[in-house]
J.: 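Here you go, one structure.
Note that ligands are numbered from 1 as they come in the structure, with each ligand's atoms numbered from 1 the same way. Scope of the values below: all heavy atoms of this structure, side chains included, with no hydrogens, waters or symmetry mates. Computed from a predicted structure; not experimentally measured.
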Amino acid sequence: MSNAAPVEPHVMNTYGRLPIALSHGRGCRVWDVNGKEYLDALGGIAVNTLGHAHPKLVPALQEQIGQLIHTSNYYYTPNAEKLAALLCERSGLDKVFFCSSGLEANEAALKLARKFGHDKGIDKPEIVVYEKAFHGRSIATLSATGNPKVQAGFGPLVEGFIRVPLNDVAAIRQATAGNPNVVAVFFEAIQGEGGVNPVDADYMREVRALCDANDWLLMIDEVQCGMGRTGKWFAHQWAGIQPDVMPLAKGLGSGVPIGAVVAGPKAASIFQPGNHGTTFGGNPLAVRAGVETIRIMEEEGLLENAAQVGQHLQTALLTQLMGVAGVKQVRGKGLMIGIELDRPCGVLVNRCAEAGLLLSVTADSVVRMVPPLILSVAEADEIVAKLVPLIKAFLAEQA
Ligand SMILES: *Cc1c(COP(=O)(O)O)cnc(C)c1O
């Protein structure tokens with residue numbers, strides 16, 4: 001499979017693509033151009049919240065396309081305010097900036113943190129970031145990312161970051177002690193690309209207190225783990241805390257490109273006209289997709305579904321993989337699940353696809369599933385039935 005001839009001579013070779021061209025989908029299933037069916041446990045990497053061709057989303061987007069796709073930010077877009085209000089109600093935060101992707105949301109967060117510092121006289125603001133973090137691939141967000149592979153070849157990196165290990169209160173205290181330039185702490189509530197690594201609830205609460213005590217912004221990247229994936233709107237809500245700044249993207253538009261930064265009182269008024277902007281941000285099609293995604297999620301009880309089916313899937317995987325030599329851990333929350341093996345296992349992506357199951361491997365050795373939030377128990381069982389034998393066979397042949 002990996003020797004398939006390139007079929008995109010005019011597209012830059014930035015992705016290690018599988019030799020599969022998908023043609024259409026329905027629910028949690030997609031079909032390729034040869035008619036082969038796949039169960040989609042990747043969901044466009046945590047993007048297709050409502051699955052494919054959702055019968056309520058499709059007509060709403062069709063209607064929107066027939067009305068307005070884009071107008072520019074010279075004019076108000078009614079659904080932008082509507083979506084912003086929906087996000088504020090669900091997060092308890094105050095104001096939203098719209099953009100079109102995760103890295104843009106994070107870039108805006110980093111700019112907010114720096115201006116927060118400058119506004120109080122800190123000329124060289126510094127932001128605490130984490131080992132194994134992933135925040136995007138722009139120059140600033142790859143600098144914040146804690147993965148040398150993402151950074152290699154793109155130096156000099158943006159300065160002003162202090163890197164610490166996850167879930168280690170002593171380490172962040174030590175790294176920031178007596179430093180008057182710190183302005184913010186920035187982490188993913190559950191690291192996605194870094195291998196599905198949850199931040200402990202206790203750690204989040206400690207860092208929240210540290211930020212309050214020092215007047216730092218707590219910025220939580222919910223680009224992958226947010227929008228209902230873990231069974232709450234935002235993954236940090238399991239710890240009972242609120243961030244000051246929360247970047248969103250991926251699942252927010254169910255596949256239509258949209259990003260957002262949601263800000264609480266400490267950060268909601270930092271940007272003034274002229275400080276930040278983007279042409280596509282808050283575009284009528286994108287914000288309509290966001291409004292409809294939230295509406296349909298609530299109509300169909302998808303937070304509860306993500307929690308319940310996610311629990312079922314994780315328990316089934318645990319039961320069948322526990323004690324299997326080479327399986328280190330099954331972890332995650334709701335429909336964000338990682339299975340860490342004791343060795344690189346990228347080859348499983350191809351083998352699963354051959355068996356009709358789409359998923360990914362992240363951090364070299366973690367099988368990751370971030371399926372649509374409409375996943376049923378029967379579909380979860382089907383994932384387990386396809387995946388477990390492939391993992392066992394892979395581990396056995398390399399033992
Ligand atoms: C995917 C991701 C990003 C980057 O989003 P893009 O839309 O690809 O720019 C940032 N942060 C996290 C946590 C992500 O998972």
Side-chain angles (χ1 to χ4, degrees), residues 12 14-17 42-49 97-113 127-147 149-151 154 158 161 163 166 184-199 204 218-230 233-236 243 245-262 278-283 286 289-290 293 332-338 359-363 366 368-371 373:
M12 281 196 199
T14 56
Y15 304 104
R17 294 202 202 271
L42 183 60
I45 318 183
V47 167
N48 296 309
T49 307
F97 172 83
F98 287 114
C99 52
S100 313
S101 68
L103 82 80
E104 278 181 274
N106 286 332
E107 190 83 23
L110 296 172
K111 283 182 71 175
L112 277 173
I127 299 166
V128 177
V129 293
Y130 286 79
E131 291 171 5
K132 298 187 187 168
F134 182 81
H135 297 298
R137 292 171 178 277
S138 67
I139 298 289
T141 57
L142 74 82
S143 300
T145 289
N147 179 348
K149 279 191 202 159
V150 173
Q151 298 172 334
F154 299 106
V158 171
F161 293 111
R163 195 168 306 280
L166 204 59
V185 179
F186 189 28
F187 57 71
E188 302 153 79
I190 302 175
Q191 290 183 335
E193 302 309 300
V196 189
N197 309 312
V199 180
M204 282 201 224
L218 176 57
M219 310 205 297
I220 304 186
D221 182 345
E222 291 264 0
V223 168
Q224 186 162 156
C225 57
M227 291 311 295
R229 177 151 300 282
T230 65
W233 279 106
F234 308 107
H236 67 264
V245 177
M246 177 176 68
L248 299 173
K250 292 206 165 92
L252 176 54
S254 286
V256 176
I258 179 169
V261 185
V262 191
T278 174
T279 300
F280 291 121
N283 159 312
T293 296
K333 189 108 190 152
L335 288 172
M336 181 169 183
I337 297 177
L359 45 63
S360 70
V361 165
T362 188
V366 181
R368 172 188 45 184
M369 283 155 280
V370 279
L373 305 191

J.: Say whether, by atom type as modelled, one donor and one acceptor occur between the side chain of T49 and the main chain of G251 under 3.5 angstrom.
T.: yes
J.: Can you list every pair where an N/O of ligand 1 is under 3.5 Å from an N/O on the protein?
T.:
| unit_1 | atom_1 | unit_2 | atom_2 | d |
| --- | --- | --- | --- | --- |
| ligand 1 | 7 (O) | G102 | N | 2.7 |
| ligand 1 | 9 (O) | L103 | N | 2.8 |
| ligand 1 | 11 (N) | N106 | ND2 | 3.4 |
| ligand 1 | 11 (N) | F134 | O | 3.3 |
| ligand 1 | 11 (N) | D221 | OD2 | 2.8 |
| ligand 1 | 15 (O) | Q224 | NE2 | 2.8 |
| ligand 1 | 15 (O) | K250 | NZ | 2.6 |

J.: Return yes if some donor-acceptor pair links the side-chain N/O of Q151 with the main-chain N/O of T145 below 3.5 Å, else return no.
T.: yes
J.: Which distance, rounded to the nearest 0.5 Å, do you find between the CG of L248 and the CH2 of W233?
T.: 10.5 Å
J.: Would you please classify the geometry between the Y130 ring and the F187 ring as parallel, tilted or perpendicular, with 30° and 60° separating the classes?
T.: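 Taking Y130 first and then F187, their aromatic rings stand perpendicular (interplane angle over 60°).
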J.: Less than 4.0 Å between a side-chain N and a carboxylate O, is that true for E222 and R229?
T.: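 Between E222 and R229 there is no salt bridge, as every charged N stays at least 4.0 Å from the carboxylate O atoms.
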J.: Please confirm whether the backbone N or O of H135 pairs with a side-chain atom of N106, one donor and one acceptor, at under 3.5 Å?
T.: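 Checked: pair present.
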